[in-house]
Amino acid sequence: MNFIITETQQAILELYKEEVAESVINIQETRKEFEGQATIVVFPITKISKKSPEQTATEIGEYLVAHVEDITKFNVVKGFLNLSIAESYFLKQFNEEVLAPDFGLYPSNGKKVMVEYSSPNTNKPLHLGHVRNNLLGYSVSELLKAYGYDVVKVNLVNDRGIHICKSMLAWQEWGNGETPENTGLKGDKLVGNYYVLFEKKLKEEVSNIFENVIVKNDYDIFFNSKDKESIISKIIKYKELELKKGTLNFNADKNSLEDFGFRAEIFVEEATDGNKLWKNVSKCFDEIEYAHFSDKQKEKNKRDIDYFLKPFIDLEEAILKLKEDITDEIKSQTFLMKKAQQMLLKWEQGDEEVVSLWKTMNEWVYAGFNITYKNLGVDFDKFYYESNTYLLGKGTVDEGLAKGVFFKKEDGSVWIDLTADGLDQKLVLRADGTSVYITQDLGTAEMKHDDFNMDESIYVVGNEQDYHFKVLFLILEKLGKSWAKGLYHLSYGMVDLPNGKMKSREGTVVDADELIESMVTTAREKTEELGKTNDFPQEDKDELYKNIGLGALKYFLLKVEPKKRLLFNPAESIDFQGNTGPFIQYTHARIKSLLAKANYELTATKPAEILPVELEMMLLLAKYPGEIAIAAKAYSPASLANYLYELAKLFNKFYHEVPHILKMEEGAEKQFRLNLCKKTADIIYAGMLILGITSPERM
RNA sequence: GCCUCGGUAGCUCAGUUGGAUAGAGCAACGGUUUUCUAAACCGUGGGUCAGGGGUUCGAAUCCCUUCCGGGGUACCA
């Protein structure tokens with residue numbers, strides 16, 4: 001409907017003798033409660049017309065109806081000019097554009113984009129957080145393909161480092177020769193178990209030492225510590241504060257405490273006994289309902305309580321912080337950590353035994369990951385491994401020093417000063433010449449560009465790394481890399497559980513494989529409850545349940561804007577009704593069944609009459625290519641997902657409103673309706689594939 | 001402390017470059033099937049768009065500020 005803009009510009013030129021930019025003409029869809037399909041917001045034009053909004057709208061409306069064939073009527077509501085467009089215009093568009101075989105397909109734009117996603121660590125199985133990453137990365141790749149890009153999907157596997165050594169060491173120590181084969185465990189699960197075991201044993205060792213240090217004043221463990229004095233003074237301070245905590249009494253005004261009722265006193269008792277953190281006591285007070293108080297009174301009580309609690313909370317925080325510092329130092333001095341460090345060193349030196357174990361265990365993990373990837377339906381064109389890239393970037397550091405972008409401190413460490421850009425000073429190379437995280441990312445970025453010479457590069461990584469990528473891209477820009485401006489961090493929010501984030505320590509991690517399996521099971525149960533697949537062969541059933549289960553999961557994760565964190569409640573299964581994947585899949589299957597029965601063939605027709613719902617459908621279908629463009633430009637499948645839902649919803653309305661299509665007389669009306677059905681199915685199918693979801697023919 | 005991202009119905013989420021009376025789904029309640037798949041459709045109730053101030057003809061959207069939550073914060077990756 002771009003013609004409306006140019007025609008309106010013309011109208012303004014004729015009426016008010018002024019040329020205006022396109023941006024002045026603000027066109028939107030007419031709201032359902034008014035007549036028309038397109039609405040011009042005339043407020044900005046009143047500055048030119050020097051007339052009231054109503055008068056301006058009327059004048060432009062009159063001009064457009066008189067001069068533009070496809071604009072048949074207009075009405076004015078306040079400053080809004082609602083235009084009725086001729087049905088013939090939409091029908092022509094539908095017949096010539098929407099029904100064309102290449103509708104919604106973008107030709108190659110000649111640009112290459114790399115999408116890096118997944119990037120797992122090889123010490124743990126994939127969990128829900130990875131699932132969001134994988135689905136997002138895959139979908140964005142498909143989206144950009146659909147928009148005309150040449151896409152390279154890349155997985156940069158973090159297969160080396162101390163965390164891998166932890167699994168290896170634990171397996172060596174306590175593994176008894178377990179393998180995926182002799183245990184029947186998936187390789188990634190087996191290796192993950194040993195990582196967890198290492199952390200458990202480490203924790204035991206640390207807490208033993210901590211007891212020793214505190215009770216027996218045995219500081220030998222810190223003999224090799226870099227900053228021995230500081231750590232010992234922290235221990236002394238810690239003991240002091242612990243003593244102080246024992247003598248600090250809760251002196252809150254008994255009256256104000258009583259106002260909160262007996263529960264409040266219990267909270268305080270619990271905290272005094274050390275069974276509850278003081279900072280949680282404050283939160284507990286928030287939860288008490290005291291309906292008989294006025295808001296003012298509540299606020300005052302809250303202030304009073306917080307005032308009394310503050311010394312306790314402050315003391316508690318100081319103690320916890322000290323304890324953390326001390327245990328961190330102890331950790332680095334433990335037997336287990338030292339052994340793991342030694343192993344890492346051996347790995348770096350290419351020690352045969354260590355490297356061979358590393359290879360074996362990584363193979364186990366890859367075999368496990370491949371199963372998960374296959375079940376998720378994601379794939380990659382190229383794998384990079386950090387074991388090959390971790391030494392990269394030192395050349396870039398030299399380059400930066402030569403160009404004067406980096407500087408060297410007295411101790412020999414290399415830095416970049418980004419304070420002028422509102423960031424900090426950032427270390428890029430340690431004094432001993434070893435890399436930090438960003439060193440290798442600098443080098444890897446360069447290598448990836450050398451390998452593929454892409455125009456754009458997208459990193460699908462969680463938002464906890466926003467700062468890292470900001471710095472990374474800025475450094476590359478300052479180094480004068482022409483391709484740096486094509487780098488983009490597709491940052492997404494964490495997946496939260498009802499009680500906060502997933503914590504492996506608390507066993508609340510939602511395992512990817514288990515999640516997929518439970519979705520498929522739920523799909524089976526729901527489908528069989530409906531009795532829809534009784535006549536399906538077993539093979540088809542299995543495939544269908546997988547499609548529906550994964551359809552529900554993928555749609556659930558992708559319909560939410562990437563940057564927003566999203567909430568997943570494992571206790572409630574993901575819905576299959578309403579705004580869900582299965583609803584859209586169902587709509588597709590419904591249409592496919594209809595078309596099969598109708599012996600449908602695509603031909604353009606001109607029906608004598610078009611119903612409002614049919615007009616709505618033509619409009620919505622025509623929007624598809626634009627929706628691809630919007631989603632691709634925003635690197636966000638979410639808007640596409642919502643469009644597909646709108647389309648499915650509208651189709652179901654249409655399906656209920658029109659008389660039974662199959663029973664209609666052969667002719668233009670029937671053909672037209674079937675055309676609408678066919679294109680709806682096509683778009684749902686294509687769009688859902690971009691989301692990584694297969695729409696079944698029957699369900 | 002500083003930086004950053006969020007806060008929209010009981011719950012999960014939409015809401016375009018600022019545009020009309022802020023929309024869906026779930027949950028609740030009521031209705032629709034002799035007829036193309038009821039995983040559907042139609043209806044009812046439900047809102048201080050976190051609070052306050054500002055810019056504007058017009059603010060959920062832009063600016064300032066406060067509160068709440070997540071994340072980051074110089075040698076972990």
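Note on naming: letters A, B, ... go to the chains in the order of the sequence lines (proteins, then strands), and numbering restarts at 1 for each one.
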Does a side chain donor of either [X] or [Y] reach within less than 3.5 Å of an acceptor in the other side chain?
{"X": "E528(A)", "Y": "Y545(A)", "value": "yes"}
{"X": "S167(A)", "Y": "N123(A)", "value": "no"}
{"X": "R590(A)", "Y": "N652(A)", "value": "yes"}
{"X": "E561(A)", "Y": "S636(A)", "value": "yes"}

From the set [options], return the single nucleotide nearest to any side-chain atom of [X].
{"X": "K563(A)", "options": "A77(B), C5(B), U35(B)", "result": "C5(B)"}
{"X": "N642(A)", "options": "C75(B), A38(B), A14(B)", "result": "A14(B)"}
{"X": "F583(A)", "options": "U12(B), A14(B), C41(B)", "result": "C41(B)"}
{"X": "L427(A)", "options": "A77(B), C75(B), C26(B)", "result": "C75(B)"}
{"X": "F80(A)", "options": "A77(B), U8(B), A20(B)", "result": "A20(B)"}
{"X": "K653(A)", "options": "C41(B), A74(B), G70(B)", "result": "C41(B)"}
{"X": "N652(A)", "options": "C36(B), C41(B), U21(B)", "result": "C41(B)"}
{"X": "E561(A)", "options": "A14(B), A74(B), A77(B)", "result": "A14(B)"}
{"X": "L594(A)", "options": "U37(B), A77(B), C36(B)", "result": "C36(B)"}
{"X": "R565(A)", "options": "A40(B), A39(B), G69(B)", "result": "G69(B)"}

Atom-pair distance ([atom1] on [X]; [atom2] on [N]), nearest Å:
{"X": "F43(A)", "N": "C57(B)", "atom1": "CZ", "atom2": "C1'", "result": "6 Å"}
{"X": "E33(A)", "N": "A22(B)", "atom1": "CD", "atom2": "P", "result": "10 Å"}
{"X": "E199(A)", "N": "C76(B)", "atom1": "CD", "atom2": "C1'", "result": "13 Å"}
{"X": "D466(A)", "N": "A77(B)", "atom1": "CG", "atom2": "P", "result": "19 Å"}
{"X": "Y467(A)", "N": "U73(B)", "atom1": "OH", "atom2": "P", "result": "9 Å"}
{"X": "M699(A)", "N": "A40(B)", "atom1": "CE", "atom2": "C1'", "result": "11 Å"}
{"X": "Q440(A)", "N": "C75(B)", "atom1": "CD", "atom2": "P", "result": "16 Å"}
{"X": "D421(A)", "N": "C3(B)", "atom1": "CG", "atom2": "P", "result": "16 Å"}

How would you label the contact of [X] with the nucleic acid (heavy atoms, under 4.0 Å): base, sugar-phosphate, or nothing?
{"X": "V658(A)", "value": "base"}
{"X": "A589(A)", "value": "base"}
{"X": "D441(A)", "value": "nothing"}
{"X": "P562(A)", "value": "nothing"}
{"X": "Q577(A)", "value": "sugar-phosphate"}

What distance do L676(A) atom CG and F654(A) atom CZ have between them, rounded to the nearest 0.5 Å? 5.0 Å

On a plain distance test, is the side chain of [X] in donor-acceptor contact with the base of [N] below 3.5 Å?
{"X": "K532(A)", "N": "U37(B)", "result": "yes"}
{"X": "T587(A)", "N": "A39(B)", "result": "no"}
{"X": "T527(A)", "N": "A39(B)", "result": "yes"}

For K623(A), is there an ion pair with E29(A) - N to carboxylate O distance below 4.0 angstrom? yes

Hey, does the side chain of [X] come within less than 4.0 Å of [N]'s phosphate (OP1/OP2), counting only N and O?
{"X": "K564(A)", "N": "G7(B)", "result": "yes"}
{"X": "K649(A)", "N": "C42(B)", "result": "no"}
{"X": "R673(A)", "N": "C36(B)", "result": "no"}
{"X": "K597(A)", "N": "U37(B)", "result": "yes"}

Stacking here means centres under 5.5 Å and planes under 30°; does F34(A) stack on A20(B)? yes

Nearest heavy-atom approach of A431(A) to D411(A) is CB-O, 3.2 Å

